[in-house]
There are 2 protein chains.
Amino acid sequence: MAARMTRQRTAVVEALDELADFRSAQQLHETLRARGESVGLATVYRALQALADASEVDVLRAEDGESLYRRCARREHHHHLVCRHCGSTVEIDGPTVEAWASKVAAAQGFDDIEHTIELWGTCADCRAASVS
Amino acid sequence: MAARMTRQRTAVVEALDELADFRSAQQLHETLRARGESVGLATVYRALQALADASEVDVLRAEDGESLYRRCARREHHHHLVCRHCGSTVEIDGPTVEAWASKVAAAQGFDDIEHTIELWGTCADCRAASVS
DNA sequence: ACGCTTGTTGAGAACGGTTGTCAAAGATCG
DNA sequence: CGATCTTTGACAACCGTTCTCAACAAGCGT
């Protein structure tokens, strides 16, 4: 239960710190491998899972169902505007939306309310790239 | 390309019409099978996909990644408050949220904006059931 | 009603992301 | 250093979903 700090976990955390965009476990694994820091794929999954459990990273699902991970600047609850092509991300918070969500749900007699509010789009860079 | 009306497709549509909750393709397949209307699993997937493309059904992803389908009353854009245990659903629209989402995204220079806004909770019935 | 054409079906294989297995490796503590 | 006990990694297993392809059946024209 002691959460040991191993070379592999350090490598995953460092990689996440250097990347600003949402990345899949497999992309991360590839990045580490290319960098010479060889880490097993299963280990990357486990590390990300642990970090997510500890709220150290944010997780969201791409449209195809793949899980994407990112180390966000703020640890408080917030949402994202993500480029569906490159993963480029802008953190967003919407106090209005939060209030709306919990009010609506409570009014219907629901408990343990959670909400998913994510925005997807094509960022300016990817748009420029696809035009050329 | 003509979209033929087959026994199988009719069965899927009818089953969806009778069910008020979000269901997975496999649940639907099981329901049809139990009902005597034997339909292949792949066919259920294809039918649901076609219906989704035609905006005849709404699709959303459960927390475990599974796709859930539902024939909604209104065809216009809306959101859902869904019980994560039984799939029981309340349709919701939030004009305020819509405006907020597109404004925020546009302000960041993003195009082709889509948003995912879903509420998950435990409905009153399921809460009562889990207490007992 | 009868073929013909062409989209559709279904059983099973294939796929892709993720998780489980388990012996070997290594982090931590005394 | 040694004992302990978590972590690792290669690989298999899983599970939802999609693909394959020969058999089948809608719908159309006659």
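Order of the sequence lines fixes the chain letters, A, B, ..., with proteins taken first and strands second; residue numbering starts at 1 for each chain.
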Problem set entry | Earlier contact from the 5' end, DNA chain D, for B:M5 and B:Y45 | B:Y45
Exercise. C:dT21 P sits how many Å from A:L41 CG, rounded?
Worked result: 17 Å
Exercise. What is the distance, rounded to the nearest whole Å, between atom CD of B:E37 and atom P of C:dT9?
Worked result: 13 Å
For this session: In whole angstrom, give the distance that lies between atom CD of B:Q49 and atom P of C:dT8.
Result: 12 Å
Exercise. Okay, side chain of A:R9, backbone of A:R4: is any donor-acceptor separation there less than 3.5 Å?
Worked result: yes
For this session: Apply salt bridge (Lys or Arg N to Asp or Glu O under 4.0 Å) to A:R7 and A:E37, showing your working.
Result: CA-CA 9 Å; A:R7 172 180 67 78; A:E37 278 282 358; 3.3 Å; yes
Exercise. Are any of A:T43's side-chain N or O atoms less than 4.0 Å away from OP1 or OP2 of D:dG9?
Worked result: yes
Exercise. Within the modelled atom types, does a donor on one side and an acceptor on the other bring the side chain of B:R46 and the base of C:dG7 under 3.5 Å apart?
Worked result: no
Exercise. Rounded to the Å, how far apart are B:H29 NE2 and C:dA11 C1'?
Worked result: 11 Å
Exercise. A:H78 side chain to A:E91 main-chain N or O, any donor-acceptor pair under 3.5 Å?
Worked result: no
Seminar exercise, completed: side-chain hydrogen bond (donor to acceptor under 3.5 Å, both in side chains) filter on B:R75, not counting sequence neighbours, yields B:E56
Problem set entry | Interatomic distance where CG belongs to A:D64 and C1' belongs to C:dC15 [whole Å] | 13 Å
For this session: From the options D:dC11, C:dG10, D:dT8, select the nucleotide whose nearest atom is closest to the side chain of A:Q8.
Result: D:dT8
Problem set entry | Donor/acceptor link under 3.5 angstrom from B:R4 side chain onto base of C:dT8 | no
Exercise. Within the pair B:R9 and C:dT9, is there a side-chain N or O less than 4.0 Å away from OP1 or OP2?
Worked result: yes
Exercise. Are A:S67 and C:dT18 close enough that a side-chain N or O sits under 4.0 Å from OP1 or OP2?
Worked result: yes
Exercise. How do A:R7 and B:R33 order along DNA chain C: which one's closest nucleotide is nearer the 5' end?
Worked result: B:R33
Problem set entry | Electrostatic pair A:E14-A:R35, nearest N-O below 4.0 angstrom | no
For this session: Please report, rounded to the nearest Å, how far the P atom of D:dG16 is from the CZ atom of A:R61.
Result: 12 Å
Exercise. Through what angle, rounded to 10 degrees, does the axis of the helix from C:dA1-D:dT30 to C:dG30-D:dC1 turn between its ends, using five pairs per end?
Worked result: 30°
For this session: Could you tell me whether the side chain of A:D58 reaches within less than 4.5 Å of the side chain of A:F22, counting heavy atoms only?
Result: yes
For this session: Verify side-chain contact (heavy atoms from CB on, under 4.5 Å) between A:L51 and A:Y69, making sure each step is shown before the conclusion.
Result: CA-CA 10 Å; A:L51 289 167; A:Y69 304 84; over 6 Å; no
Seminar exercise, completed: Rounded to whole Å, CD of B:E66 lies from C1' of C:dG17 at a distance of 15 Å
For this session: Name the residue closer to the 5' end of DNA chain D, choosing between B:S24 and A:G40 according to the nucleotide with the nearest heavy atom.
Result: A:G40
Exercise. Which whole-number value in Å describes the distance from A:L68 CG to C:dG17 P?
Worked result: 11 Å
